[in-house]
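Nothing fancy with the numbering, it's 1 onward along the sequence. Numbering of ligands and ligand atoms starts at 1, following listing order. Computed from a predicted model, the values in this text were never measured in an experiment.
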Amino acid sequence: MHDLFENERLGGRVQLGEQAVVLQGFAMSIASNVLAQVALIETIAPFRHMKTPGGFTMSVALTNCGAFGWTSDSRGYRYTSIDPITGKPWPDMPKEFLTLARAAANEAGFSDFVPDACLINRYVAGARLSLHQDKDELDFSAPIVSVSLGIPAIFQFGGLERTDPTRKVPLFHGDVVVWGGVDRLKYHGVLPIKQNSHSTTGEQRINLTFRKVSSR
Ligand code: MD3
Ligand code: FE
């Protein structure tokens with residue numbers, strides 16, 4: 001988006017569901033800090049293109065930080081405490097990440113959110129995430145907090161069945177989405193990213209999703 005219009009979105013809220021909301025520009029002031037932390041994280045746990053159980057390679061590259069990291073291979077999807085590529089624990093979750101995720105959850109009505117996993121997705125032009133549910137976590141009472149950085153994406157937000165109608169919502173640099181409660185298991189996805197560039201990330205989009213995986 002043109003810098004001149006960026007301020008008009010700061011502080012805006014778009015309600016996607018009863019308990020799902022976009023907090024426009026919520027992460028703007030900490031965005032460069034978050035990207036600097038991602039640059040450190042990827043020196044320890046590099047971005048990789050995971051294989052799905054169905055035999056496809058994901059167009060989105062991903063890595064993780066925190067006690068648990070999401071992985072996928074021919075055997076299925078799961079959270080692990082060890083990065084299968086490096087054989088080492090995932091990098092620690094920076095405390096700025098915890099503070100940001102907690103503040104956003106609180107703003108959306110979910111108090112005391114303490115994520116134990118942060119999945120970091122990296123998109124380039126053409127990368128997409130097909131419609132799915134996030135259901136590999138053990139604790140569905142906690143919300144998920146998502147932070148969008150860099151070039152924009154069109155997010156698809158559906159219902160509890162894959163075939164339910166979807167709504168399209170643009171997500172820009174600094175936007176944070178929080179979804180929990182009745183919206184926690186709704187289908188969602190990201191349409192193929194259009195080529196673009198952003199002053200902070202170049203031709204990439206970075207998305208962080210904060211989750212509570214462990215139920216204790
Ligand atoms: C879910 N990531 O990593 S998060 C994922 O932009 C994932 O990289 C996407 O889905 C990304 O699993 C989207 C944003 C989001 C926003 C609203 C939702 C997910 C939602 C509403 C309901 C359910
Ligand atoms: Fe998801």
Side-chain angles (χ1 to χ4, degrees), residues 13-24 26-27 31 34-35 38 47-50 52 58-66 68-72 77-79 90 97 100-101 104-105 107-110 113 115 117-137 140-162 164-194 196 198 201 204-213:
R13 294 173 79 105
V14 179
Q15 205 73 36
L16 298 176
E18 217 180 313
Q19 293 182 284
V21 66
V22 183
L23 305 172
Q24 293 176 328
F26 189 86
V34 172
L35 288 167
V38 171
F47 281 101
R48 74 287 309 261
H49 292 273
M50 290 186 183
T52 67
M58 293 176 68
S59 58
V60 174
L62 68 89
T63 186
N64 296 277
C65 67
F68 299 98
W70 187 85
T71 62
S72 172
Y77 308 120
R78 64 200 166 277
Y79 283 96
W90 298 103
F97 284 21
L100 169 62
E107 185 68 26
F110 300 95
F113 179 49
C118 172
L119 173 52
I120 307 171
N121 291 327
R122 186 182 69 192
Y123 298 76
V124 295
R128 60 194 283 266
L129 203 55
S130 54
L131 216 54
H132 67 278
Q133 291 173 297
D134 291 4
K135 55 177 185 188
D136 300 324
E137 301 74 22
F140 293 147
S141 67
I144 295 184
V145 170
S146 138
V147 177
S148 291
L149 298 168
I151 68 175
I154 297 178
F155 181 74
Q156 268 183 307
F157 177 59
L160 291 171
E161 309 278 354
R162 185 181 291 279
D164 287 343
T166 61
R167 169 174 170 189
K168 292 180 178 59
V169 191
L171 292 177
F172 295 98
H173 178 74
D175 287 352
V176 176
V177 189
V178 182
W179 71 104
V182 296
D183 293 315
R184 176 66 180 75
L185 290 172
K186 289 197 171 159
Y187 276 88
H188 58 280
V190 177
L191 293 180
I193 298 282
K194 276 179 52 180
N196 208 328
H198 191 273
T201 60
Q204 299 176 2
R205 171 174 187 260
I206 301 287
N207 178 268
L208 295 85
T209 48
F210 295 94
R211 299 133 189 270
K212 174 117 173 62
V213 171

Would you check if [X] and [Y] make a side-chain contact, meaning some heavy-atom pair closer than 4.5 Å?
X	Y	answer
R13	L23	yes
R48	T63	yes
V22	F172	no

> Looking at the Fe ion (ligand 2), which N/O/S atom of D134 is the nearest one?
Replying inline: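 This residue's closest N, O or S atom turns out to be OD1.
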List, one per line, each side-chain donor-acceptor pair under 3.5 Å for residues 140-155, sequence neighbours excluded.
unit_1: S141; atom_1: OG; unit_2: D139; atom_2: OD1; d: 2.5
unit_1: S146; atom_1: OG; unit_2: N207; atom_2: ND2; d: 3.1
unit_1: S148; atom_1: OG; unit_2: R205; atom_2: NH2; d: 2.8

> Looking at residues at least two apart in the chain, or sitting in another chain, which of them share a ring pair (Phe, Tyr, Trp, His ring centres under 6.0 Å) with W90?
Replying inline: none
Which pairs of N or O atoms, one from ligand 1 and one from the protein, are separated by less than 3.5 Å, and what is the distance for each pair?
unit_1: ligand 1; atom_1: 3 (O); unit_2: N121; atom_2: ND2; d: 2.9
unit_1: ligand 1; atom_1: 3 (O); unit_2: R211; atom_2: NH2; d: 3.2
unit_1: ligand 1; atom_1: 6 (O); unit_2: R205; atom_2: NH1; d: 2.9
unit_1: ligand 1; atom_1: 6 (O); unit_2: R205; atom_2: NH2; d: 3.0
unit_1: ligand 1; atom_1: 6 (O); unit_2: N207; atom_2: ND2; d: 3.3
unit_1: ligand 1; atom_1: 8 (O); unit_2: N121; atom_2: ND2; d: 3.1
unit_1: ligand 1; atom_1: 8 (O); unit_2: Y123; atom_2: OH; d: 2.5
unit_1: ligand 1; atom_1: 8 (O); unit_2: N207; atom_2: OD1; d: 3.2
unit_1: ligand 1; atom_1: 10 (O); unit_2: H132; atom_2: NE2; d: 3.2
unit_1: ligand 1; atom_1: 10 (O); unit_2: H188; atom_2: NE2; d: 2.9
unit_1: ligand 1; atom_1: 12 (O); unit_2: H132; atom_2: NE2; d: 3.1
unit_1: ligand 1; atom_1: 12 (O); unit_2: D134; atom_2: OD1; d: 3.2
unit_1: ligand 1; atom_1: 12 (O); unit_2: D134; atom_2: OD2; d: 3.3
unit_1: ligand 1; atom_1: 12 (O); unit_2: R211; atom_2: NH2; d: 3.0

> Which residue pairs satisfy the salt bridge (Lys or Arg N to Asp or Glu O under 4.0 Å) criterion with at least one member in residues 164-180, sequence neighbours excluded?
Replying inline: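 Only R9-D175 qualify under salt bridge (Lys or Arg N to Asp or Glu O under 4.0 Å).
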